[in-house]
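Please read the structure below before turning to the comments.
We're numbering straight along the sequence, starting at 1.
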Amino acid sequence: MPILDRYILREVFRTWLGVTAILLFVLVTNQFARVLGKAASGELPKDAVFALLGLTSVQYVSVLIPVAVLIAIMLALGRFNRDSELTAIYACGVGNARILRPLLLFAALLAVLLAWLTLVVVPQSLLATAQIQADASKLIDRGGLEPGRFHTENTGGAVVFVERVDDQGMLRNLFLQRRTEQRVEAAVARRGRISEDQDSGLRTMLLYDGERYEGVPGSVNFQVIRFAEHGIPVRVKSGKVNTDLPKLMPTSQLIGSAEPSHNAELQWRLSSPLSLFALTLIAVPLCRASPREGRYGRIALGIMIYVLYSNLTEATRSWVERELFPSKIGIYWVPVSIVAVAAVMLWWQERSRRQPRREGTR
């Protein structure tokens, strides 16, 4: 590989690694705070926190790769432009086509990685994430009770408190309360356990050696029942994931489908690798700025172009799903339009760069 190609590729690769790491750290930190909040409130088991973080990190990487490539190229070539290295490169007779060669090679390598992520890994991670959340909800509803804290049932609005759990799995010193219309039912028991019918999904909380109080708050009409054994049935969630959602389906199942939602999802997955080439082409003319603009003068413009690109892609995806846009054209018109704009900008810059030289030879 020529020295110039190696130099450009090295600078862009280093910058891309830094940009990706910073953006990924910000997103994962934000996600960690949300997941930790759910675990603290009892909506998620503590042992599922890091599994969710790992799965969401894979999803974040697939989203960050295109925008990180755009920013990395603009930062690296922007430094070349600020330090007059681009001027020296152009003075040696090197044009934009030569500069694009290592950049397109870099984009091609990342496109292979991104295609593998979006077509294979991300659907699997989304399915695993949905399954973990469904299992967590099912576990909590089935009595994944943490001793020493109040737990609110998602079904029925019952409040349960367990002081401790012994070595045999028996619940000790229980308190249970639930409200039905204006009446309140409360029960206390020395011990209890949870029994569940796997076929019907009906859970029964069995209480032993306790008392049950039932009545309307504010009145003296209360019933007190002492019991040796008392069962309270509660129906829980199935914990099953809807695998018919297009985003959870494997790519092989989307191929050949006539469903508009399936076509939109497949096109969105295929358009992600294509976006790398489109954003790489548009980044080169964007980095050309006057010395007064500084190194970061065009970064905001590049981010605006990416936001516009992303919004157009999502909008077209929605249009294809609702059959408001031809599926044969689909999402692909967005990266093709970016490539066309980039080609015009590159041609104009090459024309402007060579025009003064031609006039001087006349």
Side-chain angles (χ1 to χ4, degrees), residues 1-27 61 63-111 113-114 274-311 334-335 337-357:
M1 184 180 294
I3 296 177
L4 179 61
D5 292 359
R6 293 202 306 268
Y7 179 59
I8 294 175
L9 192 58
R10 182 176 65 250
E11 292 297 320
V12 172
F13 178 71
R14 289 177 178 177
T15 308
W16 175 78
L17 280 181
V19 172
T20 304
I22 292 174
L23 295 178
L24 183 61
F25 175 77
V26 172
L27 293 178
V61 169
V63 176
L64 290 178
I65 286 179
V67 64
V69 167
L70 174 65
I71 296 176
I73 294 176
M74 294 190 65
L75 286 176
L77 296 187
R79 185 188 67 79
F80 292 174
N81 184 62
R82 183 198 61 183
D83 297 340
S84 300
E85 293 185 33
L86 274 183
T87 303
I89 291 174
Y90 287 141
C92 296
V94 175
N96 286 328
R98 176 67 183 280
I99 295 176
L100 278 170
R101 186 169 66 181
L103 297 179
L104 291 177
L105 174 62
F106 179 61
L109 295 176
L110 286 181
L113 172 63
L114 186 58
L274 297 178
S275 65
L276 283 174
F277 297 100
L279 295 175
T280 298
L281 289 174
I282 199 69
V284 174
L286 285 178
C287 72
R288 291 288 294 170
S290 62
R292 295 181 180 180
E293 292 187 37
R295 180 180 179 181
Y296 307 104
R298 297 290 183 91
I299 296 297
L301 179 59
I303 294 176
M304 290 176 59
I305 290 177
Y306 175 78
V307 171
L308 177 63
Y309 173 87
S310 179
N311 289 337
V334 183
S337 300
I338 296 294
V339 170
V341 173
V344 172
M345 295 177 65
L346 290 170
W347 172 80
W348 180 261
Q349 285 187 359
E350 284 292 316
R351 180 177 179 275
S352 301
R353 187 173 64 87
R354 296 179 180 180
Q355 191 67 28
R357 182 183 304 174

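Taking Arg14 as the reference, nothing meets the salt bridge (Lys or Arg N to Asp or Glu O under 4.0 Å) condition, with sequence neighbours excluded.
Between Leu113 and Leu109 there is no side-chain heavy-atom pair separated by less than 4.5 Å. Counting heavy atoms from C-beta outward, Leu27 and Val63 have side chains that stay 4.5 Å or more apart. Looking only at side-chain heavy atoms (C-beta outward), Leu105 and Asp5 stay at 4.5 Å or farther from each other.
Between Arg101 and Pro2, the shortest heavy-atom contact is NH2-CG, 3.6 Å. Minimum interatomic distance between Cys287 and Gly78 (heavy atoms only, all atoms of both residues): CB-N, 4.2 Å. Listed here is the closest heavy atom pair of Leu9 and Pro102: CD1-O, 3.6 Å. The minimum heavy-atom distance between Ala107 and Leu276, with the atom names listed, is O-CD1, 3.8 Å. Closest heavy-atom contact between Ala108 and Phe277: CA-CZ, 3.7 Å.
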Test log, rule side chain to side chain contact (heavy atoms under 4.5 Å, CB included), inputs Leu286 and Met345: CA-CA 9 Å; Leu286 285 178; Met345 295 177 65; 4.0 Å; yes

Verdict with reasoning, Val341 to Ile305, per side chain to side chain contact (heavy atoms under 4.5 Å, CB included): CA-CA 11 Å; Val341 173; Ile305 290 177; over 6 Å; no

Ile338 and Leu281: CA distance, side-chain angles, deciding distance, side chain to side chain contact (heavy atoms under 4.5 Å, CB included) verdict: CA-CA 8 Å; Ile338 296 294; Leu281 289 174; over 6 Å; no

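Taking CG of Leu279 as the start and CG of Leu274 as the end, the distance is 11.0 Å to the nearest 0.5 Å. Atom CG in Leu77 sits 10.0 Å away from atom CD in Glu11 (nearest 0.5 Å). Atom CZ of residue Arg10 and atom OG1 of residue Thr15 lie 11.0 Å apart, to the nearest 0.5 angstrom. Note that the CG atom of Leu104 and the CD1 atom of Ile99 stand 11.5 Å from one another [nearest 0.5 Å].
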Show the atom names and distances, to 0.1 Å, of all donor-acceptor pairs under 3.5 Å that link a side chain in residues 16-26 to residues at least two apart or in another chain.
from	atom 1	to	atom 2	distance (Å)
Trp16	NE1	Thr20	OG1	3.4
Thr20	OG1	Trp16	O	2.8

N/O donor-acceptor pairs under 3.5 Å from side chains in residues 66-74, not counting sequence neighbours:
none

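Heavy atoms from other residues, nucleotides or ligands lying under 6.0 Å from CZ of Phe13 number 12 at most.
Checked by atom type and distance alone, the side chain of Ser310 never pairs as donor or acceptor with a backbone atom of Tyr306 at under 3.5 Å.
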